[in-house]
Amino acid sequence: IPRPSNSFILYRSHQHSAIASLYGHLPAMSNSAISKIASMMWQAEDPRVKARFAAKAEQTKLEHLMRHPDYKFKPK
DNA sequence: ATGAATGAAAA
DNA sequence: TTTTCATTCAT
């Protein structure tokens with residue numbers, strides 16, 4: 001049972017397709033490069049959009065709690 | 001398994 | 001305060 005995604009991870013997933021289709025044919029455009037781009041977009045992003053993803057992260061978090069009431073994050 | 005990033009949660 | 005692990009998928 002996986003952890004709930006945070007706001008940035010949600011944002012990255014959301015933008016992944018778009019970024020991949022823009023740069024996808026370039027061999028240097030790996031997922032790590034996409035992460036860098038997503039990061040810049042994230043920093044530059046409209047605060048309202050950030051807020052929307054923050055809200056989505058909360059939603060996801062609560063959803064996770066509902067579905068998996070006894071889940072505990074246990075780093076090694 | 002690694003790389004890349006941000007952030008929540010645990011240690 | 002530092003570490004882990006969530007997402008993604010070609011190497």
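In what follows, chains are A, B, ... by sequence order, proteins preceding strands, each numbered from 1.
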For [X] and [N], what is the distance between atoms [atom1] and [atom2] respectively, to the nearest whole Å?
{"X": "A/His16", "N": "B/dA4", "atom1": "NE2", "atom2": "C1'", "answer": "12 Å"}
{"X": "A/Ile19", "N": "B/dA4", "atom1": "CD1", "atom2": "C1'", "answer": "12 Å"}
{"X": "A/Leu10", "N": "C/dT7", "atom1": "CG", "atom2": "P", "answer": "10 Å"}
{"X": "A/Ile34", "N": "C/dC9", "atom1": "CD1", "atom2": "P", "answer": "8 Å"}
{"X": "A/Asn31", "N": "C/dT11", "atom1": "CG", "atom2": "P", "answer": "10 Å"}

Kindly list each side-chain donor-acceptor pair under 3.5 angstrom involving residues 33-43 of chain A, sequence neighbours excluded, with atom names and distances?
| from | atom 1 | to | atom 2 | distance (Å) |
| --- | --- | --- | --- | --- |
| A/Ser35 | OG | A/Arg12 | NE | 2.9 |
| A/Ser35 | OG | A/Arg12 | NH2 | 3.4 |
| A/Ser35 | OG | A/Asn31 | O | 3.3 |

With [X] via side-chain contact (heavy atoms from CB on, under 4.5 Å) - residues at least two apart:
{"X": "A/Glu45", "value": "A/Tyr11, A/Val49, A/Lys50"}
{"X": "A/Ser5", "value": "A/Ile9, A/Leu10"}
{"X": "A/Tyr71", "value": "A/Ile1, A/Arg3, A/His64, A/His68, A/Phe73"}

Exercise for the section: Compare every heavy atom of A/Ala57 with every heavy atom of A/Ser7, then report the nearest pair and how far apart it is. Expected result: N-CB, 3.7 Å

Problem - Base B/dA4 paired with A/Ser35 side chain (donor-acceptor, <3.5 Å) - result: yes

Practice task
For A/Glu58, enumerate each residue passing the side chain to side chain donor-acceptor pair (under 3.5 Å) test, keeping only those at least two apart in sequence or located in another chain.
Solution key: A/Lys61

Practice task
If a protein heavy atom is under 4.0 Å from the base, mark B; if only from the sugar-phosphate, S; if neither, -; do that for nucleotides 6-11 of chain B going 5' to 3'.
Solution key: BBBBS-

